[in-house]
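Have a look at the structure below, then the notes.
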Amino acid sequence: MKLHESGEDYLEAIPILVLHKKMGMVRSVDVARHMEVSKPSMCHAVNILKDGDFLTMDKEHFLHLTDAGWEIADKIYEKHCFFTRQLIAAGVNPQKAEADACRSEQKKKRGTAVQWPKFR
């Protein structure tokens with residue numbers, strides 16, 4: 001299943017939130033708050049990601065990335081870190097660099113983004 005940019009955004013948000021949770025668990029409402037999207041939008045995204053076998057939801061409604069979900073999330077997060085480092089190296093404030101990296105990685109075409117890590 002092809003994953004659109006918005007789906008990638010959700011996959012990136014899930015592992016980031018998991019790292020910040022003491023329990024290591026995250027619910028869709030946590031991701032919705034983090035991404036500043038509505039609960040219905042988040043529900044729609046979760047269903048698409050579940051249908052694509054990128055994540056599962058347990059009976060307590062905690063989200064869990066599948067192996068395929070982790071693989072994509074890791075690649076997205078690698079791009080995010082790369083853009084953040086480049087912006088900081090260029091003199092951008094670290095917090096602004098973090099926010100701008102999210103927007104930058106979404107704007108790059110996949111073919112171009114694949115080439116970026118070669119410049120590390």
**Prompt:** Given F54 and L65, is the side chain to side chain contact (heavy atoms under 4.5 Å, CB included) satisfied, shown in steps?
**Reply:** CA-CA 6 Å; F54 296 110; L65 291 174; 5.6 Å; no
**Message:** Using the side-chain contact (heavy atoms from CB on, under 4.5 Å) criterion, which residues pair with D67? Sequence neighbours excluded.
**Reply:** none
**Item:** Closest contact, heavy atoms only, A68 versus D53
**Value:** CB-O, 4.0 Å
**Prompt:** What distance do F82 atom CZ and Y77 atom OH have between them, rounded to the nearest 0.5 Å?
**Reply:** 15.0 Å
**Request:** Answer whether the closest heavy-atom distance between the side chains of M25 and H64 falls below 4.5 Å.
**Result:** yes
**Request:** Can you sort out the partners of K50 under side-chain contact (heavy atoms from CB on, under 4.5 Å), two or more places apart, ordered by chain and number?
**Result:** V46, N47, L55, M57
**Request:** Please report the shortest heavy-atom distance between S38 and A32, naming the atom on each side.
**Result:** O-CB, 4.3 Å
**Complete:** Value for CG (L49) from CG (L63), rounded to nearest 0.5 Å, stands at 9.0 Å
**Message:** Enumerate the salt bridge (charged side-chain N to carboxylate O under 4.0 Å, His left out) contacts for residues 32-48, please, sequence neighbours excluded, ordered by first and then second residue.
**Reply:** D30-R33
**By side chain to side chain donor-acceptor pair (under 3.5 Å) - contacts of H61 (at least two apart)** = none
**Request:** Please test V29 against M42 for side chain to side chain contact (heavy atoms under 4.5 Å, CB included), starting from the C-alpha separation and ending with a verdict.
**Result:** CA-CA 8 Å; V29 67; M42 186 66 221; over 6 Å; no
**Complete:** Distance col, row C81:SG vs D74:CG, nearest 0.5 angstrom, shows 10.0 Å
**Asked** Quick one: side-chain contact (heavy atoms from CB on, under 4.5 Å) partners of H44, sequence neighbours excluded?
**Response** I48
**Prompt:** Partners of Q95 by side-chain contact (heavy atoms from CB on, under 4.5 Å), sequence neighbours excluded?
**Reply:** N93
**Results of side chain to side chain donor-acceptor pair (under 3.5 Å) for T66 - residues two or more places apart only** = none
**Asked** With no hydrogens and no angle check, is any side-chain donor or acceptor of T84 less than 3.5 Å from a backbone partner on H80?
**Response** yes
